[in-house]
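Below: the structure, in structure tokens.
The figures here come from the full heavy-atom set of this structure, side chains too, leaving out hydrogens, waters and symmetry mates. Everything quoted here is computed from the prediction, not taken from an experiment.
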Amino acid sequence: MSQSSTGDGESTEPTEAPTSDKPSRRQFVQATAATATVGALGALAGCSGEQGDGTPEPKGDGGGTGSGGDTDSDSGGSESVTIDYLSAQAVENAGMKSHFQDSMKVFEEKNGNVSVSLQTASYGDIRSKLSSTVSSGNPPTFAEAGGGGLQFYLNDKVPDHKPFIESTDFLPNDFTAANKESAQYRGEYWSGGGMRHTNSNLGIRPKSFSEAGVSNPKKELSTWSGFLDAVRRIDKNQDIIAYEETGVPGDLESYWGYARTAYTEGTDPWMRGEGDDKTVVVANENHEDRGKTDGMIKTCVKMANEFSSEEAAQRGDEDIPSLMLTGRVASFNYAVPTASRWTSVKEDVKFGWQGGDGDFMLLPHPKVDSEFGNNFGISDLEGVEGEHGGHMWALEQQQCIFEASDAKQNAAWDLNMFLLSDNEFVLPAWGEYYEALPGLAPKLQEVLDEYDLAQSTEQAYKNADEYGVQYSTTGAAWDVPDVDPIRWTDINETISQAIAGQHSVEETPGLVRERILKRLGQ
């Protein structure tokens with residue numbers, strides 16, 4: 001999604017968090033290991049009530065429950081506090097805006113001593129807004145910080161969230177796999193999780209593929225060879241863009257998703273290793289998996305060059321619904337569960353195949369088959385077989401508590417738990433106003449039970465469930481401080497430049513590698 005206006009990405013030019021004269025987060029944690037059970041807040045995990053000085057501590061249930069969905073908290077004490085909450089999700093669309101405003105009132109009613117000052121910014125602006133407020137010494141109490149929150153954590157602007165997580169009966173166990181992976185950095189919790197996730201998938205215009213002779217899309221488009229064959233027929237015989245790449249750097253997460261389809265069992269295509277000992281797979285002539293990763297980078301550029309419009313290098317995914325629903329685009333690889341993005345363009349969208357007469361259908365990313373490399377002229381992929389998979393947006397949605405008084409931090413944690421677990425917020429938010437996967441795993445089935453979801457939403461849920469570890473959050477497992485610059489700039493910007501013709505298909509993997517290694521100081 002384009003960084004300027006949508007919710008599954010962050011700024012493509014990451015703003016570094018301000019540096020600090022304090023010891024690094026690692027030094028700080030090591031120096032305080034003897035008091036780790038107290039945590040950054042001086043709050044004992046699993047306890048409720050007050051400390052000896054009257055300061056509230058995290059409540060034993062974390063302000064919510066894992067399955068019941070009610071949060072009825074007094075924020076650990078009777079002190080009245082006002083917390084500033086900065087969110088981009090709160091203005092994702094008109095329905096979400098109204099729901100957030102109403103939900104803040106519900107939260108305040110359930111937490112009578114807490115007032116919430118809801119502040120909003122677009123996903124394109126939230127990073128710079130956070131950076132400026134932190135630099136000025138006036139950060140929000142709680143914010144949808146995304147991957148930028150990790151930088152603030154490493155610079156001691158965000159406290160250790162482990163005491164809060166351990167104060168609940170169900171975290172981190174009830175986190176989705178994506179939240180478990182994203183909220184940690186080398187075993188330390190820098191975040192309270194993300195309230196929702198989306199994932200990347202293949203999106204098609206059934207009318208175009210039916211006209212091209214496809215009758216069983218789930219079978220015929222399940223492999224890259226099958227998909228390529230259908231796209232070629234559309235490109236040859238129909239007056240339509242057969243495949244449109246969302247090639248603006250902030251939307252090339254599409255590549256992050258289908259890069260995994262050359263692999264199985266959740267293998268990371270880009271980087272492996274522990275701690276500071278990292279092996280970069282991209283363009284690594286000494287690595288057995290180089291061809292898979294490089295081959296999919298070349299696939300991304302070649303698909304754009306052969307089938308996409310001249311605007312592909314600047315194309316954002318938010319452009320696609322109107323283009324597809326008006327018969328100008330037949331397919332793309334940045335389909336997310338959010339059906340409202342389509343109904344906002346056309347109220348009576350026909351979701352699904354509909355006998356070949358549908359308007360929009362969501363499918364898994366095609367998986368690499370052994371013939372694809374030969375069929376598309378990419379020798380790196382000859383004989384390679386993979387599995388369906390995709391990118392799971394979770395790192396982008398992480399929410400952080402910032403340094404503040406203990407009372408404010410405890411109130412912010414209660415708000416975090418409300419957004420994660422209270423059914424009055426969760427079910428309408430992700431089942432109605434912005435179809436997405438909830439941040440707590442038990443809530444997924446509750447959303448499915450509560451709402452009759454569009455084919456696109458339900459299929460996206462099924463893809464994430466059926467292919468499991470193949471749907472992972474790109475970058476979270478790397479555990480490197482500069483994860484966002486590597487993702488958005490070193491990988492995405494470089495591929496976008498190739499789509500724009502600034503360097504060749506063959507050069508692209510090597511340029512990606514050079515930039516990653518420079519970022520890592522290798």
- Query: Are the side chain of E108 and the backbone N or O of V116 linked by a donor-acceptor pair below 3.5 Å?
  - Reply: yes
- Would you please say whether a donor-acceptor pair under 3.5 Å links the side chains of E245 and S254? yes
- Message: Strictly distance-based, threshold 3.5 Å: is any side-chain N or O of R487 a donor or acceptor partner for the main-chain N or O of T474?
- Response: yes
- Identify whether the distance between the nearest side-chain nitrogen and carboxylate oxygen of E458 and K462 falls below 4.0 Å. yes
- Taking the side chain as every heavy atom from C-beta outward, state whether P140 and L130 have any pair of such atoms under 4.5 Å apart. yes
- Could you tell me whether K443 and E446 have a side-chain N and a carboxylate O separated by less than 4.0 Å? yes
- Using the ring of each side chain (for Trp, its six-membered ring), is Y467 parallel, tilted or perpendicular to H388, with breaks at 30° and 60°? tilted
- Message: Between Q470 and Y263 (side chain of the first, backbone of the second, donor and acceptor by atom type, cut-off under 3.5 Å), is there such a pair?
- Response: yes
- Query: Cation-pi between K110 and F418: NZ/CZ under 6.0 Å from ring centre and within 45° of the ring axis?
  - Reply: no
- Message: Do E387 and T264 pair up side chain to side chain, a donor and an acceptor below 3.5 Å, judged on atom types alone?
- Response: no
- Message: Is there a side-chain contact between E244 and D319 in this structure, where contact means two heavy atoms from C-beta onward sitting under 4.5 Å apart?
- Response: no
- Going by atom types only, do H391 and S200 share a side-chain donor-acceptor pair under 3.5 Å? no
- Item | Where D317 and P321 come nearest, the two heavy atoms and their spacing | O-CD, 3.5 Å
- Message: Quick one: does any side-chain atom of Q238 pair with a main-chain N or O of S208 as donor and acceptor, under 3.5 Å?
- Response: yes
- Residues D490, R519: salt bridge by 4.0 Å N-O rule: yes
- Message: Using modelled atom types and a 3.5 Å cut-off, is there a donor and acceptor pairing between side-chain atoms of S496 and backbone atoms of N492?
- Response: no
- Is there a donor-acceptor pair closer than 3.5 Å between any side-chain N or O of T338 and the backbone N or O of R341? no
- Task: Keeping the roles fixed (side chain from E220, backbone from S215), state whether a donor-acceptor pair exists under 3.5 Å.
- Result: yes
- Residue pair H161 / S191, side-chain donor-acceptor N/O under 3.5 Å: no
- Task: Please answer whether the main-chain N or O of V106 pairs with a side-chain N or O of E424 as donor and acceptor at a distance below 3.5 Å.
- Result: no
- Query: Is there a donor-acceptor pair under 3.5 Å between the side chain of T473 and the backbone N or O of M392?
  - Reply: yes
- Query: Are more than 12 heavy atoms from other residues, nucleotides or ligands located less than 6.0 Å from atom NZ of K97?
  - Reply: no
- Test item: side-chain donor near acceptor, W353 and N216, under 3.5 Å: no
- Query: If you measure from the Lys or Arg side-chain nitrogens to the Asp or Glu carboxylate oxygens, is any gap between R232 and D229 under 4.0 Å?
  - Reply: no
- Query: Hey, what's the ring geometry for Y258 with H365, parallel, tilted or perpendicular (30° and 60° as the breaks)?
  - Reply: perpendicular
- State whether a side-chain donor-acceptor pair under 3.5 Å links E92 with Y123. no
- Message: Under 6.0 Å between ring centres: does that hold for F372 and W224?
- Response: yes
- Message: Within the structure provided, determine whether T261 and M296 are in side-chain contact (heavy-atom separation under 4.5 Å).
- Response: yes
- Query: Any side-chain heavy atom of N416 within less than 4.5 Å of one from I401?
  - Reply: no
- Message: Pairing donors with acceptors under 3.5 angstrom, does anything connect the side chains of W342 and S456?
- Response: no
- Would Y255 and T299 count as having a side-chain donor-acceptor pair, cut-off 3.5 Å? no
- Item | Student check: side-chain heavy atoms of V231 and E306 closer than 4.5 Å | no
- Are side-chain heavy atoms of F376 and S225 found at a separation under 4.5 Å? no
- Under 3.5 Å, is there a donor-acceptor pair between the W478 and D268 side chains? yes
- Nearest heavy-atom pair of L252 and C300: which atoms, and what distance? CD2-SG, 3.8 Å
- Task: Taking the side chain as every heavy atom from C-beta outward, state whether S331 and F227 have any atom pair closer than 4.5 Å.
- Result: yes
- Distance only, no hydrogens: is a donor on one side chain within 3.5 Å (strictly under) of an acceptor on the other, for S340 and E435? yes
- Note on the structure: When every non-hydrogen atom of L362 is compared with those of Q459, the smallest separation belongs to O-CG, 3.3 Å
- Message: Please tell me whether E311 and S309 have a donor and an acceptor in their side chains that are separated by less than 3.5 angstrom.
- Response: yes
- Single hit among W430, F425, Y434 for ring pair (Phe, Tyr, Trp, His ring centres under 6.0 Å) with H99: F425
- Item | Y471 versus N201, side-chain donor and acceptor atoms under 3.5 Å | yes
- With the side chain counted from C-beta on, respond yes when L444 and Y461 share a heavy-atom pair under 4.5 Å apart, and no when they do not. yes
